[in-house]
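Here is the naming used below: chain letters follow the sequence lines, and residue numbers restart at 1 for every chain. The figures here come from the full heavy-atom set of this structure, side chains too, leaving out hydrogens, waters and symmetry mates.
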2 protein chains.
Amino acid sequence: MSASVKSAQRLLAASGLARASLALTLSLPDQIAARLSERIVSGAYAPGQRIMEQALAAEFAVSRGPVREALRILERDGLVTILPRRGALVSDLSIAEVKEIFDIRAMLNGLRDRLIAEDASRKNVLAALEPHVAQLTRLARDTKRGHDYVETVWTINHVLTQACPSARLKTILDSLARQTLRYSQLGLATPERRRQSVHHWQNLLEALRKGDGAKAERIARDRVTDSRDAAIRALDEVNRPAATPRKPRAA
Amino acid sequence: MSASVKSAQRLLAASGLARASLALTLSLPDQIAARLSERIVSGAYAPGQRIMEQALAAEFAVSRGPVREALRILERDGLVTILPRRGALVSDLSIAEVKEIFDIRAMLNGLRDRLIAEDASRKNVLAALEPHVAQLTRLARDTKRGHDYVETVWTINHVLTQACPSARLKTILDSLARQTLRYSQLGLATPERRRQSVHHWQNLLEALRKGDGAKAERIARDRVTDSRDAAIRALDEVNRPAATPRKPRAA
DNA sequence: GATTGTAAGATTGTCAACAATCTTCTTGAC
DNA sequence: GTCAAGAAGATTGTTGACAATCTTACAATC
């Protein structure tokens with residue numbers, strides 16, 4: 001058996017998803033990128049942390065070539081920043097950058113939801129969406145289940161993005177969502193914000209049912225903008241009192 | 001002297017921009033990507049064409065490593081599509097994909113122009129913009145100078161994007177503009193369309209002067225949407241009568 | 001004559017080693 | 001005690017070679 005196939009299988013075995021026939025269709029760099037992506041999004045790798053090629057190559061039992069390609073993929077997704085002769089750092093977004101990304105998401109989520117509202121074959125999405133929004137309504141009343149609320153919002157967003165009739169938009173939105181995953185939950189930390197949020201989602205569902213694209217767009221936009229403001233307020237709170245000496249950010 | 005520095009200089013010499021001290025700050029993959037980008041955007045490489053690593057490595061007198069990284073960069077920019085075990089193909093967009101990208105640009109150009117309109121320090125941009133819009137007004141009257149008109153529109157767009165206060169948005173817009181460069185001119189091929197276009201630009205300039213963000217956004221959006229519809233009409237015209245047997249598209 | 005199987009060539013994927021550069025630790029002077 | 005200079009180590013950038021896979025051309029068969 002070849003070295004590359006052995007490596008791929010080893011990696012799969014380590015990752016716990018050893019469905020060989022299916023998973024082998026993903027290239028080695030793609031697999032490595034996926035696993036690193038998890039770690040970054042979940043916070044296992046801290047923002048600003050340096051990622052060393054050799055250590056990863058050793059861990060995954062591959063050479064540095066595929067690791068380098070994986071890091072390029074993550075750079076494309078905005079999860080790491082590659083500096084010449086310094087290597088890859090886990091992206092550490094400034095407040096200004098978080099705001100920028102939320103602004104872009106506000107526009108593109110608006111487009112997404114408008115396209116879905118105007119899509120003739122949106123019935124399936126609506127059916128898939130309704131139970132989640134109902135769940136959201138219940139969770140919004142319960143002060144203690146903030147985490148579950150955030151999780152459900154994430155699911156709804158995911159369902160909508162996947163239902164988006166524009167492949168290009170889907171790709172961009174996925175990338176932006178991953179980059180701001182850590183910050184989105186900041187914006188839903190208070191029961192008040194969750195009540196405001198659930199209201200948006202209920203209205204969106206109605207607009208989608210009616211096929212009212214303009215309204216769906218407006219709601220999506222307001223929703224993300226509110227989320228942005230809440231997240232930035234939370235970030236300000238966190239940063240100000242401690243006056244934390246932050247590590248040098250990834251430019 | 002090291003092999004890598006030698007390679008970089010050789011590449012620079014061949015490219016004709018041998019300002020060593022400045023250009024050497026760009027990594028080898030970046031330089032290669034930049035040169036390939038030119039060729040793709042200019043049409044020297046045809047859509048759907050396969051790009052072979054070894055040939056490029058030989059041409060640029062480097063090994064395949066940097067070439068592979070350059071192709072990853074181009075993939076991020078959407079200029080090539082990399083298929084596993086098949087290598088890189090010059091992106092060949094379907095009409096649906098062109099439409100998708102224009103829709104995204106409509107939203108994000110709207111955001112860009114709104115941000116500029118609401119930016120306190122927009123005076124410089126306005127000053128830089130005015131002569132170009134004046135030039136545009138003159139060119140719109142001249143039926144024969146379609147190419148110059150397109151060129152000037154491109155310049156105006158570039159100035160606006162560079163003036164955008166959001167770095168993240170700047171990056172995305174640059175990438176999208178490059179991907180649709182070939183199609184944008186299709187949408188400005190007729191004198192009528194140019195008259196419609198110049199009207200948009202004049203209105204935008206006024207909205208920017210007044211600091212009217214909402215209006216600037218609306219105008220930008222309409223402008224790109226009009227451009228989209230014209231480009232798609234033109235693409236339909238080109239594709240229908242000949243019934244061209246198109247090469248298999250890069251997915 | 002068209003179609004399928006096969007073999008040779010071409011091309012991508014991966015690896016290990018070397019060169020260049022950056023970091024860090026030590027050493028020395030003030 | 002602090003700071004600067006230098007050396008050792010670590011890390012990235014690049015290369016050439018090998019392995020796996022894909023493409024193409026040719027031949028055999030229906």
Just by distance, with hydrogens left out, do [X] and [Y] show a side-chain donor and acceptor under 3.5 Å apart?
| X | Y | result |
| --- | --- | --- |
| R168(A) | Q179(B) | yes |
| S27(B) | Q31(B) | no |
| N109(B) | R114(B) | no |

| Are more than 12 heavy atoms from other residues, nucleotides or ligands located less than 6.0 Å from atom CD of Q54(A)? |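 No, CD of Q54(A) has 12 or fewer neighbouring heavy atoms, counting only those of other groups under 6.0 Å.
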
Roughly how many Å is it from [atom1] in [X] to [atom2] in [N], rounded to a whole number?
| X | N | atom1 | atom2 | value |
| --- | --- | --- | --- | --- |
| L28(B) | dA20(C) | CG | P | 14 Å |
| I82(A) | dT12(D) | CD1 | P | 10 Å |
| L89(B) | dC22(D) | CG | P | 14 Å |
| F60(A) | dT14(C) | CZ | P | 14 Å |

| message | Within the structure provided, determine whether R221(B) and D113(B) are in side-chain contact (heavy-atom separation under 4.5 Å). | response |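 No, too far: nothing below the 4.5 Å cut-off.
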
| query | Any side-chain heavy-atom pair from D174(B) and Q162(B) closer than 4.5 angstrom? | reply |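 A side-chain contact exists here, since the closest heavy-atom pair is under 4.5 Å.
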
Write out a two-atom table: protein N or O, nucleotide N or O from nucleotides 10-12 of chain C, distance below 3.5 Å.
residue: dT12(C); atom: OP2; partner: E53(B); partner atom: N; Å: 3.4
residue: dT12(C); atom: O2; partner: R85(B); partner atom: NH1; Å: 2.9

